[in-house]
Amino acid sequence: EELIEFQIKNNTDFIVPCGTTGESSSLSNNEKKKIINFTVKTVKKRIPVVAGTGSNNTKIAIAMSKYAKIAGADAVLVVTPYYNKTNQEGLYIHYQKIAKAIYPLPLVIYNVPSRTGVDISVETILKLSKIENIIAIKEANPSLEKICNIILATKEENFSVLSGNDNLLLPILSVGGKGVISVAANILPDQMHNICQNNDKNLFYKYLDIMNNLFLDVNPIMIKEAMNYLGFDVGKVRLPLYTPKNEKLIKLYKSIDNIRGDFL
């Protein structure tokens, strides 16, 4: 509740429960339902809630997405199926079925090949963008060439590209991206909002060091340590994630201390 209120007070445009940073892969379905319910009830329509409902099992992704719709979420974020490593046809049908099952609730595709082992192609994204309630992609493939090609291919559709990498936010905004689903925004919500609103180069470079340091280890290890260090009692990561006490943490804490006044 404290974190949600902090986000709303500091101009977050929408909030994502059960995303990667929320350790969705370590949550049971019942825990996800509780988190989605709690978030919707706490937010009270002040900003949109985009619930993470993805799964590598299409039936489970449909069931969780339906649950989020009934619970009052404003959209769902659906990661590409992981481990199965399906082909492009399978990806298209996976998203098509989820979108149909929850219509007209908006769906945001989440592409993060470094975690899932599959990369959704520009051609498949174009086909999916033609489905009325598939409205955006969170693209975490770091290729700016691919991101430009997505924006070019979908320019006639009502479709947005959001950055999935904080440290590429400014370049993605510069080529037509619409924003970011952010890790750093957990501690810098107003700052990340302002970078997006104003294409603010100076602000981006001011916080680029801390954005990079939040990825010195596997997300969300470092952001949870940063939040605890700043006084948010978010606890430790769940196994198999683990937080070692090493020079990475020292470097993270130092980057926070350098701009500590900005967090207050």
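Because the structure is a prediction, the values reported are computed rather than measured.
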Establish whether [X] and [Y] are linked, either directly or via other cluster members, by ILVMFWY side-chain heavy-atom contacts under 4.5 Å.
| X | Y | value |
| --- | --- | --- |
| Ile93 | Ile98 | yes |
| Ile181 | Ile135 | yes |
| Leu128 | Ile102 | yes |
| Ile256 | Val234 | yes |
| Val180 | Ile223 | yes |

Smallest separation among heavy atoms of [X] and [Y], with atom names:
| X | Y | result |
| --- | --- | --- |
| Pro17 | Thr39 | CB-OG1, 3.5 Å |
| Gly90 | Thr86 | CA-OG1, 3.5 Å |
| Phe159 | Ile134 | CD1-O, 3.7 Å |
| Pro189 | Thr12 | CB-OG1, 3.4 Å |
| Lys45 | Gly72 | NZ-O, 3.2 Å |
| Val183 | Phe215 | CG2-CZ, 3.5 Å |

Chi angles and distances behind the side-chain contact (heavy atoms from CB on, under 4.5 Å) call for Phe38, Ile4: CA-CA 10 Å; Phe38 182 84; Ile4 290 169; 4.2 Å; yes
side-chain contact (heavy atoms from CB on, under 4.5 Å) against Asn213, all qualifying residues, sequence neighbours excluded: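 In terms of side-chain contact (heavy atoms from CB on, under 4.5 Å), with neighbours along the sequence ignored, Asn213 is linked to Asp209, Leu216, Lys251, Leu252, Ser255.
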Asn158: side-chain contact (heavy atoms from CB on, under 4.5 Å) partners, not counting sequence neighbours: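 Testing Asn158 for side-chain contact (heavy atoms from CB on, under 4.5 Å), a comparison that skips the adjacent residues, returns none.
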Lys/Arg N to Asp/Glu carboxylate O, Asp257 vs Lys254, below 4.0 Å: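 No, Asp257 and Lys254 are not salt-bridged.
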Electrostatic pair Glu5:Arg46 at N-O distance under 4.0 angstrom: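 Looking at Glu5 and Arg46, the cut-off is met.
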What I'd like to find out is whether the side chain of [X] reaches to under 4.5 Å of the side chain of [Y], using heavy atoms alone.
| X | Y | value |
| --- | --- | --- |
| Val76 | Met64 | no |
| Glu31 | Ser24 | no |
| Phe232 | Glu2 | yes |
| Pro81 | Thr58 | no |
| Lys206 | Ile195 | no |
| Ser55 | Asn29 | no |
| Tyr95 | Ile120 | yes |
| Tyr110 | Leu162 | no |

Is [X] reaching over with its side chain to a backbone N or O of [Y], donor-acceptor style, under 3.5 angstrom?
| X | Y | result |
| --- | --- | --- |
| Asn141 | Ser143 | yes |
| Asp217 | Met222 | no |
| Asn228 | Gly235 | yes |
| Asp190 | Asn11 | no |
| Asn56 | Asn84 | no |
| Asn165 | Asn167 | no |
| Asn198 | Asp200 | no |

Neighbour count >12 (heavy atoms, 6.0 Å) for atom OH, Tyr205: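 Counting neighbours around OH of Tyr205, 12 or fewer heavy atoms of other residues, nucleotides or ligands fall under 6.0 Å, so no.
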Over 12 non-hydrogen atoms of neighbours within 6.0 angstrom of CG in Asp233: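 Not buried by this count: 12 neighbours or fewer within 6.0 Å.
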How long is the gap from [atom1] on [X] to [atom2] on [Y], to the nearest 0.5 Å?
| X | Y | atom1 | atom2 | value |
| --- | --- | --- | --- | --- |
| Ser129 | Glu157 | OG | CD | 4.0 Å |
| Ile125 | Ile137 | CD1 | CD1 | 3.5 Å |
| Leu105 | Ser65 | CG | OG | 8.0 Å |
| Tyr207 | Asn202 | OH | CG | 11.5 Å |
| Asn194 | Leu203 | CG | CG | 6.0 Å |
| Leu214 | Ile187 | CG | CD1 | 5.0 Å |

Residues Ser174, Asn199; criterion side-chain hydrogen bond (donor to acceptor under 3.5 Å, both in side chains); working and verdict: CA-CA 7 Å; Ser174 74; Asn199 283 357; over 6 Å; no
Derivation and outcome, side-chain contact (heavy atoms from CB on, under 4.5 Å), residues Gln7 and Ile47: CA-CA 10 Å; Gln7 291 291 316; Ile47 58 174; 5.6 Å; no
Full working for side-chain contact (heavy atoms from CB on, under 4.5 Å) between Glu156 and Lys130: CA-CA 9 Å; Glu156 302 300 327; Lys130 295 179 183 296; over 6 Å; no
Candidate list Asn111, Thr124, Thr80, test side-chain hydrogen bond (donor to acceptor under 3.5 Å, both in side chains), partner Asp119, passing option: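 Of the listed residues Asn111, Thr124, Thr80, the side-chain hydrogen bond (donor to acceptor under 3.5 Å, both in side chains) partner of Asp119 is Asn111.
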Single hit among Arg238, Lys224, Lys32 for salt bridge (Lys or Arg N to Asp or Glu O under 4.0 Å) with Glu23: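 The salt bridge (Lys or Arg N to Asp or Glu O under 4.0 Å) with Glu23 is passed solely by Lys224 among Arg238, Lys224, Lys32.
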Stepwise side-chain contact (heavy atoms from CB on, under 4.5 Å) test for Asn10 and His193: CA-CA 9 Å; Asn10 288 280; His193 166 86; over 6 Å; no
Partner of Val40 under side-chain contact (heavy atoms from CB on, under 4.5 Å), chosen from Val49, Asp74, Ile35: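 The single option meeting the side-chain contact (heavy atoms from CB on, under 4.5 Å) with Val40 is Val49.
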